[in-house]
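Accompanying notes for the structure given below.
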Amino acid sequence: MKKLRLKKKTNLASREYSVDYKTSLNEEQYKAVMHDKGAALVLAGAGSGKTRTLVYRVSRLIEDGIDPRSILLLTFTRKASSEMLSRITSLLDTRAGKITTGTFHSFALKLLKRYCKQIGFSQEFSIIDQQDSADTIDLIRGRHLPPSIKKRFPKKNTLQKILSLSINKRESTLTILEEFYPKYVEYEDLINTIFIDYHKYKKTANVMDYDDLLIYLLELLKENPDARTQITNYYKYIMVDEYQDTNRLQHEIILLLGGKDNNIMAVGDDAQSIYSFRGADHQNIFFFPESFEKCEVYKIEQNYRSTEQILDLSNEIINAAAFKYEKKLFSRDRIGEKPYLVAANKERQQSEFVVQQILELREQGIELEDIAVLFRSSYHAFDLEIELNKSNIPYIKFGGMKFIETAHIKDLISYMRLLFNPKDVVAWQRVLMLVDGVGPATTRKIIENISDNRLNISNYKEVLPNLNKNIGISNLFKLVAKNFDPNDITYAASEMAFYYKEYMDEKYDNVNKRWRDIETFLQITDQYSDLPTFLNDMALDPPINSLDELEPESKEEEYLTISTIHSAKGLEWKVVFLIWSTEGKFPSAKSTHTIDSVEEERRLFYVAVTRAKDYLYIVYPFGIFDRESGMVLSEPSRFIREIGDEFLEKFILTEDEDDEGIDD
């Protein structure tokens, strides 16, 4: 009789690995890394090694024989994906390169290109960014809007935000209007009509916006069982970073990707959910465990960033939250000084104090690169910037306009998009308006002919003979009709740039700065070998800063960082100054009307405090008249007002010329 051997189950804890997981991780991290099958939620506090936990878990899965190609790691930025992939490869070996990693939107794009027929698109569909989306909505808005209500009707960017919030929150237009834009409720029907036509327009033009990527992926998973089975059979282990930042749409997608085994690990921190203005839903991280019959929950609370005193204050701030998972950050051996709470009598005194302390810290040997000044809103730093310039302190500011949002770069990308898809009417809309002598009526006529397949880049002379009189239009069509080498996109971009330079010279005063941005843009194109990949990356995860914004105000090697808190998330500094911690400014007076908005402000305050490693200064001006709210701001933020002396060293600034620095 033949024998069949029954294999014994392997005990993961006793198995030998090439990586020493047991000694490389703390006890909490190790438990999460060794999680085997089924759903899991990892609650990783600030500075607790969240990325390390994800990296080691992927490595452990591969060492256990899991096919790397079946592992999906979703993040919120391409930079985070690249960093994790690099760390996994360094930890293990090149097998890590076979895993699928990327943002939700890039992953959606990959699947939709593969299953484009199932959703009614051709494979050449283009991606438009938020500003292009707003411009397209504006085009449709103009067709529907009666002259009598133009002044009272929402502008294009507001309409785009209303639509995006409705999609990502999975709520009706009416609900969004009532919550965020109540003065426009009366126009709900007309707004919905514009949105319906906008979706039709995109389908005809074979383009998608950011939100469409998620909408169509969800539609694919829900309505195409064969496609869903193929996808869930391929991706058997799914990990999602920063789960507190997901929106309802992403949450639904993740649940559908789980397949029959639900091998999904969500990693995040409910205390750091600060992106509701983008549609992120704080509740998702609470809904996650409830979405499965069984879900293991792991808490990682040991902090490797901050001193015990900073952590004590952080815990005290978040303990007052209305909605939270119970956890407490701690440090085993990082003892330091209590955070400082400093009262200034006016904004200028606040700025002078911060500059004074930065200079003193610099004299004590702390580099400028180890210091950051954080604030709730970008305009809170205007006075500080004046003082920094007076004292010749080099700095770089984060939280301004993105490189990709500048008009000259968007113009150039529109030309590039036409090379890939000559029927991209959104790109045509932008570049035609740059041609001298072409107005909205001519633009609309050309676009309608392109949309109806009557006009293309080779027959424009015959179809619209009157346009031959416009040299600008003729030159534009000739440029787009050029047969560029698809593998040499830098040459194509250079040709487009030189064509565009004549327009730029006439329109802008600061041509030299803009041309430097374009030179940076050309350097970026040199990193790509094909146009579709380049255009997709520019739409989904573009470079953040222009060349000037990437450089400090001075050419010195070191510089100070000043940043909005939203832009500082995920970063850390030895010394952090948190300015304008005044009630009415932080939380903003506009954010105190609902418990949800107040709680998000609390989490934002918590994020700011947990960026500090060794020293934390919380500064607030008092007795300031705020024109926006019409009140005198005279108290520290509610988030620290009731915190006792055991957590904070409290000071008030004086104008005594004999005093230097902080004294009792």
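For reference, positions follow the sequence shown, starting with 1. Just so it is clear, the model here is predicted, and its values are computed rather than measured.
Taking the ring centroids of Phe104 and Phe76, they lie under the 6.0 Å cut-off. Aromatic ring centres of Phe125 and Tyr216 lie farther apart than the 6.0 Å criterion allows. The aromatic ring centres of Trp515 and Tyr500 sit 6.0 Å or more apart.
Between Lys202 and His199 there is a side-chain heavy-atom pair separated by less than 4.5 Å. Counting heavy atoms from C-beta on, the side chains of Ile489 and Phe420 never come closer than 4.5 Å. A heavy-atom distance below 4.5 Å is found between the side chains of Ile518 and Ile409. Considering only heavy atoms from C-beta on, Tyr415 comes within 4.5 Å of Leu476 through its side chain. In this structure, the side chains of Glu242 and Lys569 come closer than 4.5 Å at one or more pairs of heavy atoms. At a threshold of 4.5 Å between non-hydrogen side-chain atoms, the residues Met84 and Thr101 do not count as touching. A 4.5 Å side-chain heavy-atom check between Thr442 and Ile446 finds at least one atom pair inside the cut-off. Taking 4.5 Å as the limit, every side-chain heavy atom of Glu599 sits out of range of all side-chain heavy atoms of His282.
Looking at Ser377, its side chain never comes within 3.5 Å of a backbone N or O of Tyr379 through a donor-acceptor pair. Remark: the backbone N or O of Asp209 is paired with a side-chain donor or acceptor of Asp212 at under 3.5 angstrom. A donor-acceptor contact shorter than 3.5 Å links the side chain of Ser166 to the backbone of Glu171. Distance alone, capped at 3.5 Å, is enough to place a donor-acceptor pair between the Tyr275 side chain and the His566 backbone. Of the possible polar contacts, one joining the Lys113 side chain to the Gln123 backbone as a donor-acceptor pair under 3.5 Å is found. Ser164 places no side-chain N or O within 3.5 Å of a backbone atom of Lys161 that could act as its donor or acceptor partner. Checked by atom type and distance alone, the side chain of Asn224 never pairs as donor or acceptor with a backbone atom of Asp226 at under 3.5 Å. Ser273 places a side-chain N or O within donor-acceptor distance of the main-chain N or O of Gln244, the cut-off being under 3.5 Å. The closest donor-acceptor contact from the side chain of Asn284 to the backbone of Asn247 lies under 3.5 Å. Checking side-chain atoms of Ser106 against main-chain N and O of Thr103 turns up a donor-acceptor pair under 3.5 Å.
Residue Phe277 places its CZ atom among more than 12 non-hydrogen atoms of other residues, nucleotides or ligands, all under 6.0 Å distant.
Residues satisfying the salt bridge (charged side-chain N to carboxylate O under 4.0 Å, His left out) criterion with Asp211, sequence neighbours excluded, are absent altogether.
In terms of heavy atoms, Glu601 sits closest to Pro587 at OE1-CA, 3.2 Å. Between Ile137 and Gln160, the shortest heavy-atom contact is CD1-CA, 3.8 Å. Nearest heavy-atom pair, Ser563 versus Ala568, reported as atom, atom and distance to 0.1 Å: OG-N, 3.7 Å. In terms of heavy atoms, Leu256 sits closest to Leu218 at CD1-CD1, 3.4 Å. Closest approach of Leu522 and Ala493 over heavy atoms only: CD2-CB, 3.5 Å. Nearest heavy-atom pair across Leu174 and Val185 is CD1-CG1, 3.9 Å.
Across Ile562, Thr561, Ile565, a single residue satisfies side-chain contact (heavy atoms from CB on, under 4.5 Å) together with Leu374, and that is Ile565.
In this structure, CG on Asp129 lies 11.5 Å from CG on Leu535, to the nearest 0.5 angstrom. Rounded to the nearest 0.5 angstrom, Leu221 CG and Thr232 OG1 are separated by 8.5 Å. Atoms CZ and CG, on Phe195 and Leu163 in that order, are 4.5 Å from each other to the nearest 0.5 Å. Note: Leu257 CG to Leu111 CG = 7.5 Å, rounded to the nearest 0.5 Å. Here the CZ atom belonging to Arg417 is positioned 6.5 Å from the CD1 atom belonging to Ile128, to the nearest 0.5 angstrom. Distance NE2/His105 to CE/Met208: 12.0 Å, rounded to 0.5 Å.
Looking at Asp245 and Arg278, no side-chain N of the basic residue comes within less than 4.0 Å of a carboxylate O on the acidic one, giving no salt bridge.
In this structure, a donor-acceptor pair under 3.5 Å is present between the side chains of His408 and Asp517. Inspection of the His251 and Tyr243 side chains reveals an N or O donor paired with an N or O acceptor under 3.5 Å. Under the 3.5 Å distance criterion, with hydrogens and angles disregarded, no donor-acceptor pair is assigned to the side chains of Asp411 and Tyr503. Ser133 and Tyr210 form no side-chain donor-acceptor contact under 3.5 Å, judged by distance and modelled atom types alone. Side-chain contact annotation: Glu385 with Tyr395, donor-acceptor N/O pair under 3.5 Å present. Neither side chain, Glu252 nor Gln250, offers a donor N or O lying under 3.5 Å from an acceptor on the other.
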Chi angles and distances behind the side-chain contact (heavy atoms from CB on, under 4.5 Å) call for Gln131, Lys156: CA-CA 9 Å; Gln131 193 54 53; Lys156 61 180 182 180; 3.8 Å; yes
Stepwise ring pair (Phe, Tyr, Trp, His ring centres under 6.0 Å) check, Phe534 with Phe521: CA-CA 11 Å; Phe534 168 75; Phe521 178 81; 5.7 Å; yes
Met416 vs Met496, side-chain contact (heavy atoms from CB on, under 4.5 Å): CA-CA, chis, key distance, verdict: CA-CA 8 Å; Met416 302 288 286; Met496 298 292 175; 4.1 Å; yes
Trace of the salt bridge (Lys or Arg N to Asp or Glu O under 4.0 Å) decision for Arg603 with Glu600: CA-CA 5 Å; Arg603 295 192 294 271; Glu600 176 142 340; 3.6 Å; yes
Chi angles and distances behind the side-chain contact (heavy atoms from CB on, under 4.5 Å) call for Phe121, Leu112: CA-CA 9 Å; Phe121 280 80; Leu112 294 179; over 6 Å; no
Intermediate values then yes/no, side-chain contact (heavy atoms from CB on, under 4.5 Å), Leu145 and Leu190: CA-CA 8 Å; Leu145 208 56; Leu190 182 53; 3.9 Å; yes
Ser378 vs Thr564, side-chain hydrogen bond (donor to acceptor under 3.5 Å, both in side chains): CA-CA, chis, key distance, verdict: CA-CA 6 Å; Ser378 185; Thr564 61; over 6 Å; no
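Note: His380 and Trp580 have tilted aromatic rings, judged against thresholds of 30 and 60 degrees for the angle between ring planes.
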